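In this text the structure is predicted, and so the values were computed from the model without any measurement. For the numbers below, each heavy atom of this structure counts, side chains included, while hydrogens, waters and symmetry mates do not. So that the names make sense, note that chain A is the first sequence line, chain B the second, and so on, each numbered from 1.
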There are 2 protein chains.
Amino acid sequence: MELNERKLQILQAIVADFIYSAEPVGSRTISKKYDMGLSPATIRNEMSDLEEMGYLTHPHTSAGRVPSDKAYRLYVDKLMGSSELAEDRKALIEAQLQQDAAELDDTIEKAARILSDMTNLVSFAITPSGRDDTLKYINLLPVDERTIVLMIVSDDGQISNTAVKLSCGYTEENLQLMSKVMTHNFKGKSVNDILTMNIIDSLKTDLSAMEGLTGDVVPSFLQTLEKMLDVDLYMDGYTNILSMPEYSDVSKAKSFLDTLKAKEHFTEVLVNRDNGLIITIGDENSELKDCSLITADYRVNGKLVGKLGVIGPTRMKYAEIASVIQYITDNLSKTFEITGDMTDDREHQ
Amino acid sequence: MELNERKLQILQAIVADFIYSAEPVGSRTISKKYDMGLSPATIRNEMSDLEEMGYLTHPHTSAGRVPSDKAYRLYVDKLMGSSELAEDRKALIEAQLQQDAAELDDTIEKAARILSDMTNLVSFAITPSGRDDTLKYINLLPVDERTIVLMIVSDDGQISNTAVKLSCGYTEENLQLMSKVMTHNFKGKSVNDILTMNIIDSLKTDLSAMEGLTGDVVPSFLQTLEKMLDVDLYMDGYTNILSMPEYSDVSKAKSFLDTLKAKEHFTEVLVNRDNGLIITIGDENSELKDCSLITADYRVNGKLVGKLGVIGPTRMKYAEIASVIQYITDNLSKTFEITGDMTDDREHQ
DNA sequence: GTTAGCACTCTTTTGTTTTGAGTGCTAACA
DNA sequence: TGTTAGCACTCAAAACAAAAGAGTGCTAAC
């Protein structure tokens, strides 16, 4: 059977209607609301065909039609078109993102909040991983008799520091020498490389004169590097789903939210997701098969990549949401480019 | 009317039963389950009295009795006794808290998680404010041509640092001088004092020779101090309420969760709350009048005070929950005392 | 003072009927 | 041959009715 122009039109009408109403769509509705000069009976015939082709389903005999995942996919790819974001929304996004956009983390968090507010869905965002950051230099600084600070500066200007409690004393000279050796050894190497290669051993021979100090500093150094690998995950708008008919049943809502709460796993899903504006629908997802995800990446300094997106039932306003996400991520990338040489002006853990 | 021994016994039975069943308690139930040698009729008479006295209410004629806030208050004060935590739970708490208890923040977060898991309620915790921390010294360190790090060390060993992007160049001597002057001016002063008193002006005269540098550093300094004031709020176990009969209605659950999400306000409530094990019931709360809160404080280095607690419907297992909270906060305080001189071994923002 | 007995109340449960949205099929129409 | 009116049929949801059951309050007897 062929998917002719009329079938597409009808399918589009059904999907669009269902997205808004959350009710199975009947032939009368289509015939009346979207007047395409066809009687309900004709539309019924077409619907019957569309069902046979796998685009529609039927909760029960006397109910209207509901789009299948396949229909949503077609809708997203061919039918929905792209929706231009209203000017006032654009302005709102810009205003809110710009407003004290000092720290990356805070801004990302804010972006997620805006996103969930505008879409009424659960939003999430991950920060870029520092795994490919290369080190610029390492500095050890005295604090008090038994405490020093380990400071790691990376080439793109990010600074991480940790206080290190020493088990033995130290001299300023020791610190300086050690800073020098460490910088020499690790300059230009990426965080990931340092952690996977066993560069630490070489350090021990270079600094054999001060074993005690090395023994205290190295674990902190590694720990700090590990932390630079970490990707933070923010979520917002959890409660939005509680006003959606799909989750009017508390136990459904609970199991959905509990799944989302297993953050670690979710982070992984996002990290492995392609860049660009990505929409996955229903069973295209490895998990949460009755949900859709829309994500897009954002750039920091034109390079490091984080992601931002929403999750919700397959019945969602794809076009509208996609345009919101796209606009926010574009804006984020711009923000962290314009203020490019200001992005250092924040603390990194 | 007098609240005699028998009335108390009956009231206790009713409250205890209702806490577990969430169903209005009838006279038969009390007579059978808690055999105190009285017929349902007698108990009915007593119940009627208790209702008149304001301890019980009546959803409708043919329903059992439900405890009022007043009854819970009496129950908590006089009737419930104290429940000793089971040994395996104690062990579990200790094991989980001890396990890499490196950073205060992480540990607090973990404590909140344990708490919500054990109580099946929403838990929350606030970290101590740094408002009364006194400064030990301030250090400015070179990073690159246009960037320095501002490091603030407080007397109890906490370290905060921020990268400062400069609008002009600097020399090492400048930094050292400025570090010295700032340390001299602010050593021994509390964060709060520095922020309220206008000490900044004096700094400008002392360092008039390097206006540019001062102009860049002072805002960052203030900003960092502001941050030290901040109290972080963690919440966990949001979804627990979705399995409670009180919130089987999605819209009720949503409005409860939305109220909790207004974090800022909630933080304030907690900060202003008394120390010790505090239980507030129903309309004793200024907000969320159909909920109860149980909180306790924990100490860090024997001094700084954070708080940990749960929130849920007035029908909660007060004794059990109180003992869990008490045990966790005791343990937290102990953890951050034993490793007393190790608590510096973490980063502070 | 306690309790058995009983009428009464009111929610919950269960069953029944009605309604109405929507389909599928057939037959007529253009 | 495609379109449509008409109609029987289906099924969930709503409305209604009846029954069950939990529990009370009161009275009278112990």
*Summarise how protein sits on nucleotides 11-30 of chain C as a single string, 5' to 3': B when a protein heavy atom is under 4.0 Å from the base, S for sugar-phosphate-only contact, - for no contact.*
S---------BSBBB-----
Measure [atom1]/[X] against [atom2]/[N] and give the value in whole Å, please.
| X | N | atom1 | atom2 | result |
| --- | --- | --- | --- | --- |
| A/D35 | D/dT4 | CG | P | 13 Å |
| A/I43 | D/dA5 | CD1 | P | 12 Å |
| B/E23 | D/dA22 | CD | C1' | 11 Å |

_Assigned partner base of D/dT27, Watson-Crick or wobble definition, under 3.5 Å_ =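 The answer is C/dA4, by the H-bond criterion.
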*Which one is paired to C/dT14, where only Watson-Crick or G-U wobble pairs with both distances under 3.5 angstrom count?*
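Its partner is D/dA17 (Watson-Crick or G-U wobble, both distances under 3.5 Å).
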*So, B/K307 side chain and B/R273 main chain: donor-acceptor pair closer than 3.5 Å or not?*
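Yes; at least one donor-acceptor contact below 3.5 Å.
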*What do the steps show when you test A/Y318 against A/S292 for side chain to side chain donor-acceptor pair (under 3.5 Å), and what is the final call?*
CA-CA 9 Å; A/Y318 291 95; A/S292 287; 2.7 Å; yes
*For the rings on A/F124 and A/Y234, is their centre-to-centre separation under 6.0 Å?*
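Here the rings of A/Y234 and A/F124 have centres that are no less than 6.0 Å from each other.
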Decide, yes or no, whether a salt bridge links [X] with [Y] under the criterion of side-chain N to carboxylate O below 4.0 Å.
| X | Y | value |
| --- | --- | --- |
| B/E246 | B/K252 | no |
| A/D236 | A/R113 | yes |
| B/K7 | B/E2 | no |

